[in-house]
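Step one of this worksheet: look at the structure below.
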Protein chains: 2
Amino acid sequence: MTSIKDVARDVEMSTATVSRALRGLAGVSEETRERVMESARRLGYVPSPSAAGLASGQTRTVAVIVPRVTQWFFAALVQGAEEVLRERGYDLLLYNLAGDPSARHRVFETSLLTKRVDAVLILSLKPSPDELERLSRLGRPVTIIGADMPGWATVRIDDHEAAATATQHLVDLGHRCIAYLGGATEGVLDFTAPSARLAGYRCTLEGAGVALRAELEEDGEFTVAGGQRAARQLLGLEVAPTAIFAASDEMAIGALRAARELGVRVPEDLSVIGIDDHEMATYFDLTTVAQPVHEQGRVAATQVLAALTDDDWKPEQVILPTQLVVRGTTAQPRT
Amino acid sequence: MTSIKDVARDVEMSTATVSRALRGLAGVSEETRERVMESARRLGYVPSPSAAGLASGQTRTVAVIVPRVTQWFFAALVQGAEEVLRERGYDLLLYNLAGDPSARHRVFETSLLTKRVDAVLILSLKPSPDELERLSRLGRPVTIIGADMPGWATVRIDDHEAAATATQHLVDLGHRCIAYLGGATEGVLDFTAPSARLAGYRCTLEGAGVALRAELEEDGEFTVAGGQRAARQLLGLEVAPTAIFAASDEMAIGALRAARELGVRVPEDLSVIGIDDHEMATYFDLTTVAQPVHEQGRVAATQVLAALTDDDWKPEQVILPTQLVVRGTTAQPRT
DNA sequence: ATGAAAGCGCTAACAA
DNA sequence: TTGTTAGCGCTTTCAT
């Protein structure tokens, strides 16, 4: 394996100069740089990240912690982040928790990350106080996507507003009996979205003078299957809703499925709206509040890299815009 | 940052012994091992992967190269692989090509991989001869998922058989005018599946004494949108097919969408079958030939790690079974 | 069972 | 602009 020494010998220079030339640092004559580059190419030289990391303390690697890559939403975030990282020459170390509590424990507690990565990207997970403590002890930039944590660098949408937009759309159509499909609003595995979206739903209904009914708020676990189960429940109510606002498109898709099962026509008998603009949303003709998923991944990666290079960097809370996308699953209630 | 030296000093031993004790190597007294462990814990010692990598030449990291994480199929493979890697203490470096040719070029050509990972997992990509050449020069274990490449370690399903099963299902139902939705069967971006599935389709039709019609074979690009476009085309034919076999569930979903658009009823006027058993398949009530996606990721990771540890390891071609899953999108043709 | 010592391949501070 | 010289924090012979 050819090392920097081989290149140095080849161009008859010190390894220091070769290192500088290869990394594009200042203080190297143009001629030298070219000779070094040419030699490196000719000899097939590839730098050793381990050696560079050991000597410099920088790994040019970013850890991305994701709840579950198989969910389109998280995968899209990862993809956005990966693009930016790659462009800037950083590698992406993927930690997929996939619902395994021990995996989460290991990543955070046993400081797997120490000395291994330059920065950390946390996708749609709300770290516990203990985990936050460990993260800050890491002494490395951390950006969190989808959480509202003052003092930390975060990227998210305005969940309250997004939910309000969705609910208002239903209200504007004339619906008064509107159910909510959400998820757990507390617990370690929670993130900001569920509670903020629930609040947005409630506020809007109250603003419209509609009384809240506890039995119209169901837990759909943010999955298709959970949404289907919860919607089945809702549609079986004595006073069934004429519309369902699901806090995620996957739950909304589950609701559509439940409606079909029960012979409830959409949008004639039931309107359904989600949040996300999932890649499949268009194929279900689902009305939704779109959020820039891919872009959030990009912004988060950009932010965390900025923290690595800018000296006067301080954590920012970035909020990206959402947009109502009206498709075919919402309509006026039958009179 | 506490290093191995600090621990050595603390237990009044050499760093060599501490290193051995920490890694569970033989030749360390039980008492010493316990003292070392305790001290390491107390001092909050975390080993440096860079240093270990530099000294040992092993990074305990595996590169996973994936065409596009946002596609459920690939994400599920990644998740399967990640589980196994994590269990065994390996990290996963994700390279997402996402259709960016320069990304692919960079990963393979500029040997981003050299000195960085112990092994490589390639998901559903058929490396070009040039890329194969580079991979073998890596001198590291490589496992390829979804390709049929004798001499290399591969994990896949029998694509020919899967396609035959799907086609035969339609034939058995009485269909004679069966269209095929596939993808490019050549080019660098191709993998084994498209051509093998097309062949399985053709063989089965011929076996059933049904004449092939070129206009019934369409390119759906293995995406929902592509499938929809291609199916629209097929359904507009003068002699339109009574059934469509899509080589992937995503294309099948596109076909369902096209049928709905055109007022073609499924399964009354048109039967649709896919391959994969995509997570959404059940919500579309899609008949399909299921393949063990997650499991293929696990097997591939297990295989590549075995190569790392077993001395007498040689590349194996693993083929995992598929299974017909009949749901509601296939039925007898109307007479 | 343990230790001494020589690197692994690079970066960075200091000199020249 | 370039070179010299120490390491970075481990692992791994080779001794003992």
Side-chain angles (χ1 to χ4, degrees), chain A residues 1-37 39-40 43-61 89 91 111-118 139 308, chain B residues 1-37 39-40 43-61 89 91 111-118 139 308:
Chain A
M1 206 83 291
T2 85
S3 81
I4 201 171
K5 268 191 192 165
D6 302 306
V7 178
R9 197 175 308 123
D10 186 59
V11 297
E12 296 174 302
M13 295 249 158
S14 70
T15 60
T17 300
V18 172
S19 172
R20 282 188 282 253
L22 254 18
R23 285 179 298 153
L25 296 188
V28 178
S29 77
E30 204 38 57
E31 198 217 321
T32 303
R33 167 156 296 135
E34 273 164 26
R35 279 181 50 221
V36 168
M37 298 297 232
S39 167
L43 300 180
Y45 169 72
V46 180
S48 155
S50 293
L54 182 55
S56 71
Q58 306 232 261
T59 60
R60 292 197 78 79
T61 300
D91 275 326
S111 27
L112 263 189
L113 307 171
T114 330
K115 300 181 184 171
R116 176 133 270 257
V117 296
D118 293 347
L308 244 24
Chain B
M1 206 82 291
T2 83
S3 80
I4 201 171
K5 269 191 192 167
D6 301 308
V7 178
R9 198 177 306 121
D10 185 59
V11 298
E12 295 174 304
M13 295 249 159
S14 71
T15 59
T17 301
V18 172
S19 172
R20 283 190 278 254
L22 255 17
R23 284 179 298 151
L25 295 189
V28 178
S29 77
E30 205 37 60
E31 197 218 321
T32 303
R33 169 156 294 137
E34 272 165 25
R35 280 180 50 220
V36 168
M37 298 296 233
S39 168
L43 300 180
Y45 169 71
V46 180
S48 155
S50 293
L54 183 54
S56 70
Q58 306 233 258
T59 59
R60 292 198 77 79
T61 301
D91 276 326
S111 338
L112 227 43
L113 309 169
T114 327
K115 301 179 184 171
R116 176 136 269 263
V117 297
D118 293 346
L308 243 26

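Proteins come first, then strands; the chains are lettered A, B, ... in the order of their sequence lines, and each starts at number 1. Given the structure is predicted, the values throughout are model-derived calculations rather than measurements.
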Partner residues of [X] under the salt bridge (Lys or Arg N to Asp or Glu O under 4.0 Å) criterion, sequence neighbours left out:
| X | value |
| --- | --- |
| A/Arg116 | B/Asp91 |
| B/Arg23 | none |
| B/Arg60 | none |

Taking any atom closer than 4.0 angstrom to a non-hydrogen atom of chain A, what span of DNA chain C does the protein reach, first nucleotide to last? C/dG9 to C/dA13
Reading 5' to 3' through nucleotides 4-16 of chain D, protein heavy-atom contacts under 4.0 Å coded B for base, S for sugar-phosphate only, - for none: B--BBBBSB----
Not counting sequence neighbours, which residues clear side-chain hydrogen bond (donor to acceptor under 3.5 Å, both in side chains) with [X]? List them please.
| X | answer |
| --- | --- |
| B/Thr2 | none |
| A/Thr32 | A/Ser29 |
| A/Thr15 | none |

Throw together a table of side-chain donor-acceptor distances under 3.5 angstrom for residues 43-52 of chain A, partners on residues two or more places apart or in other chains.
from, atom 1, to, atom 2, distance (Å)
A/Ser48, OG, A/Ser50, N, 3.4
A/Ser48, OG, A/Ala51, N, 3.1

Those residues that, when tested against A/Glu34, pass side chain to side chain contact (heavy atoms under 4.5 Å, CB included) (two or more places apart): A/Glu30
Pairs meeting criterion salt bridge (Lys or Arg N to Asp or Glu O under 4.0 Å) with involvement of residues 1-21 of chain B, two or more places apart: B/Asp6-B/Arg9, B/Asp10-B/Arg42
Shortest non-hydrogen contact from A/Gly57 to A/Asp118? O-OD1, 4.3 Å
Taking only heavy atoms on the protein side, list every residue of residues 26-33 of chain A lying under 4.0 Å from any atom of DNA chain D, sorted numerically. A/Gly27, A/Val28, A/Ser29, A/Thr32
